[in-house]
Amino acid sequence: MGRDTIADLITSIRNADMNRKGTVRIASTNITENIVKILLREGFIENARKHQERNKFFLVSTLRHRRNRKGPYRNIFNFKRVSRPGLRIYSNYQRIPRILGGMGIVILSTSRGIITDREARFQGIGGEILCYIW
(Lines give C-alpha, C1' and ligand atoms only; values in the text may rest on other atoms or scores of the structure.)
Protein backbone atom coordinates (compact mmCIF):
# COMPACT_ATOMS: atom_id res chain seq x y z
CA MET A 1 0.00 0.00 0.00
CA GLY A 2 1.36 3.40 -0.98
CA ARG A 3 1.67 6.48 1.15
CA ASP A 4 -0.45 9.55 0.63
CA THR A 5 2.16 12.32 0.81
CA ILE A 6 -0.41 15.12 0.49
CA ALA A 7 -2.41 13.80 3.46
CA ASP A 8 0.84 13.47 5.45
CA LEU A 9 1.69 17.10 4.63
CA ILE A 10 -1.76 18.33 5.67
CA THR A 11 -1.75 16.29 8.87
CA SER A 12 1.70 17.40 9.96
CA ILE A 13 0.92 21.09 9.37
CA ARG A 14 -2.45 20.80 11.13
CA ASN A 15 -0.92 19.01 14.14
CA ALA A 16 1.91 21.55 14.44
CA ASP A 17 -0.59 24.39 14.27
CA MET A 18 -2.80 22.88 16.98
CA ASN A 19 0.21 22.33 19.25
CA ARG A 20 1.54 25.85 18.57
CA LYS A 21 4.79 24.56 17.11
CA GLY A 22 6.89 27.03 15.16
CA THR A 23 8.31 24.67 12.57
CA VAL A 24 7.22 21.57 10.69
CA ARG A 25 9.43 18.93 9.08
CA ILE A 26 7.91 17.41 5.95
CA ALA A 27 9.23 14.70 3.64
CA SER A 28 10.36 16.32 0.42
CA THR A 29 8.76 15.21 -2.85
CA ASN A 30 7.92 17.19 -5.98
CA ILE A 31 4.26 17.44 -4.97
CA THR A 32 4.95 18.58 -1.40
CA GLU A 33 7.51 21.12 -2.61
CA ASN A 34 4.98 22.65 -5.01
CA ILE A 35 2.25 22.76 -2.34
CA VAL A 36 4.63 24.38 0.15
CA LYS A 37 5.57 26.99 -2.50
CA ILE A 38 1.88 27.79 -2.93
CA LEU A 39 1.39 28.07 0.85
CA LEU A 40 4.42 30.36 1.04
CA ARG A 41 3.18 32.54 -1.83
CA GLU A 42 -0.34 32.79 -0.35
CA GLY A 43 0.98 33.73 3.10
CA PHE A 44 -0.01 30.65 5.10
CA ILE A 45 3.60 29.92 6.07
CA GLU A 46 6.48 32.32 6.66
CA ASN A 47 9.52 30.41 5.48
CA ALA A 48 10.52 27.08 3.93
CA ARG A 49 13.93 25.54 3.36
CA LYS A 50 15.24 22.19 2.19
CA HIS A 51 17.26 20.12 4.65
CA GLN A 52 19.20 16.89 4.06
CA GLU A 53 19.65 14.21 6.68
CA ARG A 54 21.24 10.82 5.86
CA ASN A 55 20.49 10.90 2.11
CA LYS A 56 16.88 11.96 2.73
CA PHE A 57 15.56 15.42 1.99
CA PHE A 58 13.08 17.26 4.22
CA LEU A 59 11.31 20.58 3.98
CA VAL A 60 11.47 22.60 7.18
CA SER A 61 8.64 25.15 7.17
CA THR A 62 8.09 27.98 9.63
CA LEU A 63 4.41 28.45 10.41
CA ARG A 64 2.73 31.81 10.74
CA HIS A 65 1.25 32.35 14.20
CA ARG A 66 -0.45 35.06 16.17
CA ARG A 67 2.34 36.24 18.42
CA ASN A 68 1.98 37.93 21.81
CA ARG A 69 -1.77 37.43 21.94
CA LYS A 70 -3.67 36.64 25.10
CA GLY A 71 -6.83 34.61 25.30
CA PRO A 72 -7.94 31.43 23.59
CA TYR A 73 -5.91 30.13 20.70
CA ARG A 74 -7.61 29.50 17.39
CA ASN A 75 -6.17 27.60 14.48
CA ILE A 76 -4.82 29.54 11.53
CA PHE A 77 -4.92 26.60 9.13
CA ASN A 78 -8.06 24.81 8.08
CA PHE A 79 -7.35 22.07 5.56
CA LYS A 80 -9.60 19.60 3.84
CA ARG A 81 -8.22 16.82 1.66
CA VAL A 82 -10.62 16.35 -1.24
CA SER A 83 -9.17 13.95 -3.79
CA ARG A 84 -7.56 10.89 -2.30
CA PRO A 85 -5.99 7.72 -3.70
CA GLY A 86 -9.23 5.76 -3.35
CA LEU A 87 -11.48 8.42 -4.87
CA ARG A 88 -10.13 11.00 -7.30
CA ILE A 89 -12.15 14.21 -7.73
CA TYR A 90 -11.77 16.16 -10.97
CA SER A 91 -13.28 19.47 -12.02
CA ASN A 92 -13.24 21.70 -15.05
CA TYR A 93 -12.32 25.34 -14.59
CA GLN A 94 -15.94 26.53 -14.53
CA ARG A 95 -16.92 24.24 -11.65
CA ILE A 96 -13.96 24.77 -9.33
CA PRO A 97 -15.53 25.62 -5.95
CA ARG A 98 -14.93 28.96 -4.24
CA ILE A 99 -13.91 28.62 -0.59
CA LEU A 100 -15.43 31.29 1.69
CA GLY A 101 -16.38 33.34 -1.34
CA GLY A 102 -12.81 33.50 -2.59
CA MET A 103 -11.07 34.01 0.77
CA GLY A 104 -9.71 30.44 0.85
CA ILE A 105 -7.82 28.63 -1.85
CA VAL A 106 -8.24 25.38 -3.73
CA ILE A 107 -5.08 23.56 -4.79
CA LEU A 108 -5.36 21.67 -8.07
CA SER A 109 -3.12 19.30 -9.94
CA THR A 110 -3.37 20.19 -13.62
CA SER A 111 -1.54 19.42 -16.82
CA ARG A 112 0.50 22.59 -16.20
CA GLY A 113 1.53 21.67 -12.67
CA ILE A 114 0.11 22.23 -9.21
CA ILE A 115 -1.69 25.59 -9.11
CA THR A 116 -4.36 27.48 -7.18
CA ASP A 117 -7.98 27.93 -8.20
CA ARG A 118 -7.47 31.54 -9.29
CA GLU A 119 -4.64 30.59 -11.63
CA ALA A 120 -6.68 27.68 -13.05
CA ARG A 121 -9.68 29.91 -13.75
CA PHE A 122 -7.42 32.53 -15.36
CA GLN A 123 -5.72 29.94 -17.58
CA GLY A 124 -9.01 28.16 -18.31
CA ILE A 125 -7.88 24.68 -17.24
CA GLY A 126 -9.28 22.16 -14.80
CA GLY A 127 -7.76 19.24 -13.00
CA GLU A 128 -7.74 17.10 -9.89
CA ILE A 129 -8.80 18.95 -6.73
CA LEU A 130 -6.17 18.14 -4.13
CA CYS A 131 -7.27 20.15 -1.08
CA TYR A 132 -9.06 23.22 0.30
CA ILE A 133 -7.30 25.72 2.56
CA TRP A 134 -8.98 28.53 4.44
Exercise. Do the side chains of Lys56 and His51 get nearer than 4.5 Å, heavy atoms only?
Worked result: no
Exercise. For the atom pair CZ (Phe57) and CD (Glu33), what is the distance rounded to the nearest 0.5 Å?
Worked result: 9.5 Å
For this session: Find out whether Ile35 and Ile114 are in side-chain contact, i.e. whether some heavy atom of one side chain is under 4.5 Å from a heavy atom of the other.
Result: yes
For this session: Report the distance from atom NZ of Lys21 to atom OG1 of Thr62, rounding to the nearest 0.5 Å.
Result: 14.0 Å
Solution key, residues 77-87 side-chain donor-acceptor pairs under 3.5 Å, sequence neighbours excluded:
{"unit_1": "Arg81", "atom_1": "NE", "unit_2": "Asp4", "atom_2": "OD2", "d": "3.4"}
{"unit_1": "Arg81", "atom_1": "NE", "unit_2": "Ser83", "atom_2": "O", "d": "3.3"}
{"unit_1": "Arg81", "atom_1": "NH1", "unit_2": "Ser83", "atom_2": "O", "d": "2.2"}
{"unit_1": "Arg81", "atom_1": "NH1", "unit_2": "Leu130", "atom_2": "O", "d": "3.2"}
{"unit_1": "Arg81", "atom_1": "NH2", "unit_2": "Asp4", "atom_2": "OD1", "d": "2.9"}
{"unit_1": "Arg81", "atom_1": "NH2", "unit_2": "Asp4", "atom_2": "OD2", "d": "3.3"}
{"unit_1": "Arg81", "atom_1": "NH2", "unit_2": "Ser83", "atom_2": "O", "d": "3.2"}
{"unit_1": "Ser83", "atom_1": "OG", "unit_2": "Ile89", "atom_2": "N", "d": "3.1"}
{"unit_1": "Ser83", "atom_1": "OG", "unit_2": "Glu128", "atom_2": "OE2", "d": "2.6"}

Exercise. Between CD1 of Ile6 and CD1 of Ile107, what distance do you get to the nearest 0.5 Å?
Worked result: 9.0 Å
For this session: Indicate yes or no: at least one non-hydrogen side-chain atom of Ile125 is less than 4.5 angstrom from one of Ile115.
Result: yes
Exercise. Would you call Arg98-Asp117 a salt bridge at under 4.0 Å N-O?
Worked result: no
Seminar exercise, completed: In this structure, OG of Ser61 is separated from CG of Leu40 (nearest 0.5 Å) by 8.0 Å
Exercise. So, for Leu9 and Ser12, which heavy atoms are closest and what is the spacing to 0.1 Å?
Worked result: O-OG, 3.0 Å
Problem set entry | Straight-line distance of Leu39 CG to Arg64 CZ, nearest 0.5 Å | 11.0 Å
Exercise. Taking 4.0 angstrom as the limit, do Glu119 and Arg112 come out as a salt bridge?
Worked result: no
Problem set entry | Close side-chain approach of Pro97 to Ile129, heavy-atom, < 4.5 Å | yes
Seminar exercise, completed: When rounded to the nearest 0.5 Å, the distance separating OG1 of Thr23 from CD1 of Ile45 is 11.5 Å
Exercise. Can you tell me if Thr5 uses its side chain to pair, donor with acceptor, with the backbone of Ile31 under 3.5 Å?
Worked result: no
For this session: Say whether, by atom type as modelled, one donor and one acceptor occur between the side chain of Thr11 and the main chain of Asp8 under 3.5 angstrom.
Result: no
Exercise. Side chain of Asn34, backbone of Asn30: donor and acceptor closer than 3.5 Å?
Worked result: yes
For this session: Is it possible for you to check whether Arg121 lies under 6.0 Å from the centre of the six-membered ring of Tyr93, through NZ or CZ, and within 45° of that ring's axis?
Result: no
Exercise. Are side-chain heavy atoms of Phe44 and Ile105 found at a separation under 4.5 Å?
Worked result: yes
Exercise. Looking only at side chains, do Thr116 and Glu42 share a donor and an acceptor under 3.5 Å apart?
Worked result: no
